[in-house]
Amino acid sequence: QVQLVESGGGLVQAGASLRLSCAASGRTFSRYSMGWFRQAPGKDREFVAAISWIGGATSFADSVKGRFAISRNNAKNTVYLQMNSLKPEDTAVYYCAAGGTIADVTTAPGSWGQGTQVTVSS
């Protein structure tokens with residue numbers, strides 16, 4: 001278990017960029033694979049991206065490939081989601097998640113953050 005707090009969301013126009021961050025508590029952050037999910041009103045929570053324990057492997061949803069990047073700074077216990085070329089369909093609450101492996105993160109994360117709102121206007 002790890003406590004996660006997201007930040008960096010906001011209201012932007014289509015084509016703009018945002019950088020989300022997720023700060024994790026504890027002293028074993030580097031032992032967790034981390035991920036980002038999003039959920040729009042009335043929709044299921046959707047996987048966005050994940051990164052392995054030491055950042056050597058990443059995974060992205062097809063809808064964000066080429067536009068989003070995930071990274072982590074284990075010294076700061078923080079994972080980031082760089083979002084470029086934002087589209088209105090990217091509008092959602094974005095959640096940070098943690099799991100033992102990338103597979104764990106993409107399917108059943110053990111920990112969730114509170115979420116940060118991203119709104120992309122057209």
Side-chain angles (χ1 to χ4, degrees):
Q1 295 291 319
V2 59
Q3 295 184 17
L4 307 170
V5 179
E6 303 96 332
S7 62
L11 172 63
V12 299
Q13 294 184 349
S17 297
L18 279 175
R19 184 178 176 87
L20 306 183
S21 63
C22 172
S25 65
R27 302 177 66 183
T28 58
F29 173 72
S30 64
R31 307 298 294 180
Y32 292 93
S33 292
M34 304 295 296
W36 289 93
F37 289 72
R38 64 189 182 186
Q39 187 168 27
K43 300 293 182 65
D44 291 335
R45 191 167 297 186
E46 174 189 26
F47 168 75
V48 176
I51 187 167
S52 63
W53 289 1
I54 60 174
T58 58
S59 180
F60 297 92
D62 288 341
S63 59
V64 305
K65 286 182 179 177
R67 298 190 297 120
F68 290 11
I70 188 170
S71 62
R72 66 192 298 164
N73 186 329
N74 289 342
K76 296 183 177 181
N77 289 349
T78 303
V79 63
Y80 305 93
L81 183 68
Q82 178 66 46
M83 305 185 295
N84 300 317
S85 301
L86 283 164
K87 305 174 181 179
E89 49 263 47
D90 294 319
T91 295
V93 176
Y94 282 70
Y95 297 90
C96 181
T101 66
I102 284 183
D104 291 333
V105 169
T106 59
T107 58
S111 300
W112 294 94
Q114 85 290 348
T116 185
Q117 176 70 231
V118 173
T119 302
V120 184
S121 66
S122 58

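Because the structure is a prediction, the values reported are computed rather than measured. Both backbone and side-chain heavy atoms feed into the values below; hydrogens, waters and symmetry mates do not.
A pairwise comparison of heavy atoms in Leu81 and Ala49 identifies CD1-CB, 4.2 Å as the closest pair. Here the closest non-hydrogen pair linking Ala24 and Val2 is CB-CG2, 3.8 Å. Of all heavy-atom pairs spanning Lys43 and Gln39, the tightest one is O-NE2, 3.0 Å.
Looking at residues two or more places apart in sequence or on another chain, you find a side-chain hydrogen bond (donor to acceptor under 3.5 Å, both in side chains) between Ser21 and Ser7. With sequence neighbours excluded, the residues that form a side-chain contact (heavy atoms from CB on, under 4.5 Å) with Ala16 are Val12. For Glu46, the side-chain contact (heavy atoms from CB on, under 4.5 Å) partners at least two apart in sequence or on another chain are Arg38, Ser63. Every residue meeting the side-chain contact (heavy atoms from CB on, under 4.5 Å) condition with Arg31, not counting sequence neighbours, appears here in chain and number order: Thr28, Trp53.
With rounding to the nearest 0.5 angstrom, the OG atom of Ser17 is 6.5 Å from the CG atom of Leu86. Separating the OG atom in Ser59 from the CD1 atom in Ile51 is a distance of 11.0 Å, to the nearest 0.5 Å. Here the CD atom belonging to Gln13 is positioned 5.0 Å from the OG atom belonging to Ser121, to the nearest 0.5 angstrom. Rounding to the nearest 0.5 Å places CG of Asp90 at 7.5 Å from CE of Met83. Taking OG of Ser111 as the reference point, atom CE of Met34 lies at 8.0 Å (rounded to 0.5 Å). Considering CZ of Arg72 and SG of Cys22, their distance stands at 10.0 Å, rounded to 0.5 Å.
Side-chain contact between Cys96 and Val79 is present, with at least one heavy-atom pair separated by less than 4.5 Å. At least one side-chain heavy atom of Val118 sits under 4.5 Å from a side-chain heavy atom of Val120.
For the ring-ring contact (aromatic ring centres under 6.0 Å, His included) condition, no pair includes a residue of residues 54-79, sequence neighbours left out.
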Go through Gln82 and Leu20 one step at a time and tell me if the side chain to side chain contact (heavy atoms under 4.5 Å, CB included) criterion holds.
CA-CA 6 Å; Gln82 178 66 46; Leu20 306 183; over 6 Å; no
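Counting non-hydrogen atoms of other residues, nucleotides and ligands closer than 6.0 Å to CD of Gln3 gives a total of 12 or fewer.
With hydrogens and angles ignored, the 3.5 Å screen pairs no side-chain donor or acceptor of Thr119 with any backbone N or O of Leu11.
Using a 4.5 Å cut-off between side-chain heavy atoms of Ile, Leu, Val, Met, Phe, Trp and Tyr, Phe47 falls into a hydrophobic cluster with Phe37, Val93, Tyr95, Val105, Trp112.
Using modelled atom types, one finds no donor on one side chain facing an acceptor on the other under 3.5 Å when comparing Asn73 with Thr78.
Judged by the 6.0 Å distance and 45° axis criteria, Arg19 is positioned over the aromatic ring of Tyr80.
Residues Ile102 and Tyr32 fall into different hydrophobic clusters, defined by Ile, Leu, Val, Met, Phe, Trp and Tyr side chains chained together at heavy-atom separations under 4.5 Å.
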